[in-house]
Each structure stands twice: as C-alpha cells, then as structure tokens.
Amino acid sequence: MPITYRLAKDFNVAANIIRAQVAPNQVGKLVVELSGDIDQLDEAMEWMRDQGIGVSLVSREILIDEEVCVHCGLCTGVCPTESLKLDSQTFQLTFNRSRCIVCEQCIPTCPVQAISTNL
Amino acid sequence: MRTIAEINDKICRGQAVVWTVEEAKAQAAERGVTAAAKLVDVVTTGTFEPMEASGAIINLGHTDPPIKIRECRLDGVLAYAGFGAVDLYLGASQVAEAGRLGDSLEGDELRDRGGGHVIADLIAGKSVQLRASGYVTDCYPRAALETTISRERINQFYLFNPRNLYQNFIVGVNGGDRPLFTYLGPLQPRLGNAVYSNLGELSPLLNDPDLQVIGIGSRIFLGGGVGYIAWEGTQHFPLQKRLPNRTPVGPAATVALIGDAKQMEPRWVRGCYFKSYGPSLMLGVGVPLPILNEAVLAYCAVRDADLVAPVVDFSIPRRVRPTFGLVSYAQLKSGQIAIEGRRVRTAPLASQYLSREVAIALKQKILAGGFELTVPVAPLPADRKFIPQDSWGAEIDVS
C-alpha cells in the first residue's frame, strides 16, 4: 500500500521518511516525521490504524555516548537552551534532557562524534 | 633549594612530595608560596586537547622482494614516504580520501576521518589497511604492496609532533553574517559563540612562563607513555608581549614532542574531526615541573584571573585578523564574556576533565617511582621571531 502517497493525497500530511526497513513478505517498519493540520494528522493516524498498521509515537532525542565523549565542552557553546553544560566542579559534560529542543546543532559540533539522535 | 638529582633520589626512595597543579595553587593560596615551596618537590601539569601539528613515524620492516615506497595510504590516509625505503610519516590532519591505489573503502567510510584516527586506531591495537606503490630500482624491485599492519607488526612507531602545548592561544568569534567552520569548531554568526582552546591556569607552559625548568630533553607524559621535549616547536614565539607575571597575552612558546607510541594508551590518544575543517588528534600531555626554588612555585600559583587571551574575529580570513581586545581566563571559564557590550557564550575546546586526569595520572606515576625527572640538555630558545611568509616574487638581477 502506498502509505505516504495516501497520507499526502487524502489528508494533506507530509511524511518525511527518516528510517525505513521494508522487505518482501515481512513486517516493515517506517520512522516518519509527519507534518500537517493537527486534526488531519489525527485522522491520518486513525486511518493507518484502520488499515492494520501499528502506529506508535516517538519523539526525537539526543543521545550522548559516554564512552566516546572526552568532555571537551565544545557542544556547550552551540546549545541554545543550555541543556548541555559542563559541571562546575568535575568539568564533565551534563545533559538536561528536559530542556533540550533537539535542534541538533551539537551533533556536527562534536569533534569525536559522541552525539547522535535516537532515530 | 633542591636539585633535580635530589628530587629523583626522593622519587626512588618513595619520599617525593608531588602535587597536581590544582593542588599546588590551592596550597600556595593557603600556606603562602614560601611555605608551600618548602614542602613540594614536583608539580604535575596536564592537558588534553586537539593538537593537529602531530604525527607518527612508522618503519614497516622490509618486504621480500623489497620495496622503496613512492606513495602510501593507511586506511585511505596518505602518509609521507619521501625518505627511507619503508619509513613513513603519518600526519594527524591528513584527510582520508579514496586514492589512486584502488582503495576498497568507499566515500562514506572515509568521511570525517584522517591521520589522527589512524594513529589512534594503531595505538588501540587495531589493524590498519596499507596500500603502497613502489619506485622500482635495482635495490628495490617491488612495485606494489598491499597488507595490513598493527603496532605489533611494525618496527618503530613513535609520535614526533612538530608543535604541541601552545603557551596560550586565542579566543575565536565570528563577527560576520554566515556560520564559519574553523579549527576551533563551528563559530556562529553575529558573535553567536566564542571558543577558547587553552586551559589557562592548568596549561603546562603557562605555569613555567619563561621555560626555566623545562627544556630540550625534559621527560614528559605523552599519550599515556613516556615522551620527551625534542626541540622548540614550530612557530615558537617566546617574544610575544607578556604581562608583568611573565605570561604571554597570546600564542607564544611551543614545543616539539617525541615519544614511543607503542607504549601509549587509547584513552589519551583520540582521533577527532572538525566539521568542514578536517581531522586532528586529541592528545593527553603531562609536564612535571621540578620545584627547584620558591620562584618556580610562585609561577605555578598563577590564577585564571591573571591570564588573558585575545578575542579574534574569524570572519576576516586574513593572516592578521581584527581583535576585540583581551579577556581573562576567569571570564572565559565563567561561561560568558562581553564583547562590545554584548553577552557572548563561551565554550572550551580542551577537556578540563581529562586534563586534570592527566595531571593525576602523572602524579601517580611519579609517586609509584616509575617516572624520574630529567635535567634539560639545552634550554629552549628565548629569542625566536615570528616571521610571516610574504611573496616577494622572483628575484631579478637587474645589473
């Protein structure tokens, strides 16, 4: 079934495919970012569930690999919400997930590629 | 007060008093410099920061039939081969790229990698792909070599870094209207952020501003192993303007370092990559300062409030860039500085956490008796000029 086509045509919902795992005769998995009118988004999700598609909501999150991080602090200067900070005593990187707006500016800034997203 | 020989004698007997530079500053503040200097034999300093003017000398050992290497890539990174037949120099900031030698690695695998990563991989005990073409001669008939190497399967593998441990540096900002990708990381437009790369009061060479107790031959902690100060570093500029406390107001002294990479530990040697600038090597370096007299400890007692760096605008891509004046390291470490009345967030580039760990690791090595200090065999020069490279055109003889 051409799901993203129906989302666009019937509900005016734009589907940005972030990750896809689709193979013949197997259950596939799509991670999509949907944008559109909030009522139409609800209708679109209801339609998908009616088609037997399991729909679950995930939010994008920043992940920090503590094995890789060297606590240089370069990411703290580009973090607009100050979610990423250096502890004033230990100088280790701290991450306040609840303040993070997932702008992702820290990801390319990290010189040792310790920062990624969960999607 | 005491000599290096006396300090080594105490180290061997397990009686040396060793403080990290942070402990030394605290003790000097609490007891006064005179009293503290009587107690302590050695102060350990450490840093962990990107040092792109680094690289590794490798001798592969001879193949049969032998090869004189003309061009060589290690995991897609070009290594310099223009000296001994199987001698290589792998520079930390050399970019990985698919080469003419038919590398099997594709573009994506090479992305964001360079010489620093290959050096770090070898130190971590990993195997590295080697592809070389030879310059065919009667002595060296072989034309090509394809193999994998690891640090156990090569003769020499040592870092020889032409410029490390910059004594002070600059603070980068971007006064333009587009993002800049620099060796200090991304600088956001309209003074969006400021990045400083020196550790201020923790920085090894700022604690011995006139390089009085270190010199050529000084034994140091390099990447977890033993290294030495080999020479003055490139761009060594001891004549930089200095404050009354003798610390420089901008980039000044540098040192060239050498050390056996086979002894190094992956924790202290890490490949890194700056977006749209290139690869580099993050390195942990520790320098022990023998407290020969009270004046040496007085220099070690310097605080961030008394150390300054110039704020430099990277939006003007010229050799001499405009500056916004000097700021203190105390201001930089507070998380924000004021530039032309505006609050600008600051971020470091050197890891203060791992720098502290380097100083602690070096202290422990000395306390365990496994690390004696050396008397420098020659001082580092105190009078080097900073010569710009200007194009003068071809010299024409008009006579």
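Below, all heavy atoms of this structure are taken into account, side chains as well, without hydrogens, waters or symmetry copies.
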If you take all heavy atoms of [X] and [Y], which pair is closest and at what distance?
X: A:Pro111; Y: B:Met282; answer: CG-CE, 3.7 Å
X: A:Phe91; Y: B:Tyr353; answer: O-CB, 3.5 Å
X: B:Lys275; Y: A:Pro108; answer: CD-CB, 3.2 Å
X: B:Asn193; Y: A:Val78; answer: ND2-CG1, 3.9 Å

task: Answer yes or no: are there more than 12 heavy-atom neighbours, outside B:Asp177 itself, under 6.0 Å from its atom CG?
output: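 Counting other residues, nucleotides and ligands, CG of B:Asp177 stays at 12 neighbours or fewer.
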
field: Over 12 non-hydrogen atoms of neighbours within 6.0 angstrom of CD in A:Glu66
entry: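 Atom CD in A:Glu66 is not crowded, with 12 or fewer foreign heavy atoms closer than 6.0 Å.
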
field: Spatial distance of atom NE2 (A:His71) from atom CZ (B:Arg356) [nearest 0.5 Å]
entry: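 So the gap between those two atoms works out to 12.0 Å.
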
- prompt: Between atom OH of B:Tyr273 and atom SG of A:Cys110, what is the distance when rounded to the nearest 0.5 Å?
  reply: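 The OH atom of B:Tyr273 sits 13.5 Å away from the SG atom of A:Cys110.
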
Using heavy-atom distances under 4.5 Å, tell me whether [X] contacts chain B through its side chain, its backbone, both, or neither.
X: A:Cys75; result: neither
X: A:Leu93; result: neither
X: A:Glu82; result: both

task: Go through the atoms of B:Phe48 and report whether side chain, backbone, both or neither lie under 4.5 Å from a heavy atom of chain A.
output: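 Contact with chain A: side chain only.
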
- prompt: Which answer fits B:Leu187, side chain, backbone, both or neither, if we ask what part of it has an atom under 4.5 Å from a heavy atom of chain A?
  reply: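 For B:Leu187, no heavy atom lies under 4.5 Å from chain A.
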
Minimum side-chain heavy-atom gap A:Thr76-B:Pro348 below 4.5 Å: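 Heavy-atom side-chain distance check passes, below 4.5 Å.
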
query: Is the backbone N or O of A:Val68 less than 3.5 Å from a side-chain atom of B:Arg270, with the two atoms forming a donor-acceptor pair by type?
result: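 Checked: pair present.
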
message: Please rank B:Ser351, B:Ala347, B:Gly185 by heavy-atom pairs under 4.5 Å with chain A and give me the top one.
response: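 Going by pairs under 4.5 Å, I would pick B:Ser351.
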
task: Identify which of A:Gln105, A:Gln92, A:Lys85 forms the greatest number of heavy-atom pairs closer than 4.5 Å to chain B.
output: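 Ranked by contacts with chain B, first place is A:Gln92.
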
side-chain contact (heavy atoms from CB on, under 4.5 Å) assessment of B:Gln352 paired with A:Leu86: CA-CA 10 Å; B:Gln352 202 157 329; A:Leu86 289 178; 5.9 Å; no

